[in-house]
Amino acid sequence: MITYSLEPELTGEEFQKLLMASTLAERRPKTVETLKDMVKHADIILTARDGDKLVGVSRSISDFTYCTYLSDLAVDGAYQHQGIGKELIRLTKAQAPEAKLILLAAPAAREYYPKIGMTQFEYCFYQ
């Protein structure tokens with residue numbers, strides 16, 4: 001049974017292990033110190049666990065009023081296609097229900113988000 005919870009104390013090591021078990025590690029920093037800082041400075045960390053095993057995480061930055069940027073959504077490859085990512089997104093949105101939820105899709109996930117009801121916006125810029 002998968003359990004979901006807010007987990008701001010998630011460790012960089014556990015986050016790194018999950019990133020490696022998902023497809024996100026190839027596009028994220030490799031050092032544990034950087035990953036620790038990413039978790040430390042996030043506003044919303046939601047996890048999905050199968051017992052003690054971390055199988056999913058949603059890491060977001062939010063002002064809780066206008067926008068929430070869902071920076072990382074990772075689900076262990078062995079647990080994908082079970083609705084875990086969709087539930088993590090729902091729970092993230094519930095933390096700041098008035099705020100618009102924004103994310104940048106990984107190339108492999110571009111088809112996923114419209115299927116779960118998210119709207120694609122063509123204008124995005126980064127530096």
Side-chain angles (χ1 to χ4, degrees):
M1 180 172 144
I2 305 299
T3 57
Y4 299 89
S5 61
L6 284 168
E7 199 170 330
E9 69 282 355
L10 182 68
T11 68
E13 292 83 5
E14 202 169 21
F15 185 44
Q16 182 180 50
K17 191 186 249 187
L18 176 64
L19 292 175
M20 292 170 47
S22 74
T23 60
L24 225 50
E26 61 197 44
R27 290 176 305 285
R28 293 299 179 268
K30 306 297 183 231
T31 67
V32 173
E33 287 306 313
T34 301
L35 295 171
K36 283 180 184 178
D37 283 343
M38 289 167 62
V39 171
K40 176 182 170 183
H41 296 293
D43 298 305
I44 304 168
I45 302 282
L46 281 155
T47 60
R49 292 186 178 273
D50 185 2
D52 289 335
K53 181 179 181 178
L54 181 66
V55 298
V57 69
S58 169
R59 186 182 75 86
S60 303
I61 299 164
S62 183
D63 59 22
F64 297 94
T65 304
Y66 182 69
C67 66
T68 297
Y69 172 59
L70 199 166
S71 178
D72 295 304
L73 179 67
V75 176
D76 184 313
Y79 288 81
Q80 291 179 4
H81 308 290
Q82 297 180 32
I84 294 170
K86 184 176 181 178
E87 182 64 3
L88 286 167
I89 290 171
R90 187 190 72 75
L91 292 169
T92 299
K93 177 69 175 163
Q95 292 299 305
E98 299 302 315
K100 187 172 296 281
L101 185 66
I102 302 164
L103 63 82
L104 295 174
R110 287 182 58 193
E111 305 297 319
Y112 170 72
Y113 297 106
K115 289 179 185 175
I116 63 166
M118 295 187 80
T119 302
Q120 186 172 359
F121 187 72
E122 66 177 297
Y123 306 109
C124 174
F125 304 91
Y126 70 95
Q127 185 175 31

(request) Taking the side chain as every heavy atom from C-beta outward, state whether Leu54 and Leu10 have any pair of such atoms under 4.5 Å apart. (result) yes

(message) To the nearest 0.5 Å, what is the distance between OG1 on Thr119 and CG on Leu101?
(response) 11.0 Å

(message) Can you tell me how far apart CG (Asp43) and CZ (Phe64) are? Round to the nearest 0.5 Å.
(response) 5.0 Å

(message) What I'd like to find out is whether the side chain of Leu103 reaches to under 4.5 Å of the side chain of Met118, using heavy atoms alone.
(response) yes

(message) Quick one, Tyr4 with Ile84, criterion side-chain contact (heavy atoms from CB on, under 4.5 Å). Give me CA distance, side-chain angles, the key distance, then yes/no.
(response) CA-CA 9 Å; Tyr4 299 89; Ile84 294 170; 3.6 Å; yes

(request) Spell out, as yes or no, whether a donor-acceptor pair under 3.5 Å connects the side chain of Tyr112 to the backbone of Lys86. (result) yes

(request) Taking the side chain as every heavy atom from C-beta outward, state whether Ser58 and Ile89 have any atom pair closer than 4.5 Å. (result) no

(request) Identify the heavy atoms of Ala74 and Ser22 that sit nearest to each other, and give their distance. (result) CB-OG, 3.7 Å

(request) Mind running side-chain contact (heavy atoms from CB on, under 4.5 Å) on Leu6 and Leu91 for me, showing each step along the way? (result) CA-CA 9 Å; Leu6 284 168; Leu91 292 169; over 6 Å; no

(request) To the nearest 0.5 angstrom, please state how far the CD1 atom of Ile44 sits from the CD atom of Glu7. (result) 14.5 Å

(request) Name all residues meeting the salt bridge (charged side-chain N to carboxylate O under 4.0 Å, His left out) criterion together with Asp76; count only those two or more places apart in sequence or in a different chain, and write none if there are none. (result) Lys53

(message) So, taking the atom named CD in Glu14 and the one named CG in Leu19, what distance separates them when rounded to the nearest 0.5 Å?
(response) 11.0 Å

(request) Answer with yes or no whether the side chains of Thr68 and Ser60 bring together a donor and an acceptor at under 3.5 Å. (result) no

(request) Indicate yes or no: at least one non-hydrogen side-chain atom of Val75 is less than 4.5 angstrom from one of Leu18. (result) no

(message) Once rounded to the nearest 0.5 Å, what's the spacing between atom OG of Ser62 and atom CG of Leu70?
(response) 10.0 Å

(request) Flag the pair Thr11 / Gln16 as yes when at least one side-chain heavy-atom distance between them is below 4.5 Å, and no otherwise. (result) no

(request) Could you tell me whether the side chain of Thr47 reaches within less than 4.5 Å of the side chain of Phe15, counting heavy atoms only? (result) no

(message) Testing the basics here: between Glu13 and Val32, what is the closest heavy-atom pair and its distance to 0.1 Å?
(response) OE2-CG1, 3.5 Å

(message) Just so I know, are the side chains of Leu73 and Leu88 near enough to count as touching, which here means a heavy-atom distance under 4.5 Å?
(response) yes

(request) Return the set of residues passing side chain to side chain contact (heavy atoms under 4.5 Å, CB included) with Lys100 (not counting sequence neighbours), or none when no residue passes. (result) Ile102

(request) Kindly state each residue pair satisfying salt bridge (charged side-chain N to carboxylate O under 4.0 Å, His left out) with at least one member in residues 88-98, sequence neighbours excluded. (result) Glu87-Arg90

(request) Enter the distance from Arg49:CZ to Met1:CE here, rounded to the nearest 0.5 Å. (result) 14.5 Å

(request) State, without any angle test, whether Ser71 and Arg59 hold a side-chain donor-acceptor pair at a distance under 3.5 Å. (result) yes

(request) Report whether Ile116 and Tyr79 are members of the same hydrophobic cluster (ILVMFWY, side-chain heavy atoms less than 4.5 Å apart, transitive linking). (result) yes

(message) Between Asp50 and Ile2 (side chain of the first, backbone of the second, donor and acceptor by atom type, cut-off under 3.5 Å), is there such a pair?
(response) no

(message) The test is side-chain contact (heavy atoms from CB on, under 4.5 Å); show your working for Leu46 and Val57 and say whether it passes.
(response) CA-CA 6 Å; Leu46 281 155; Val57 69; over 6 Å; no

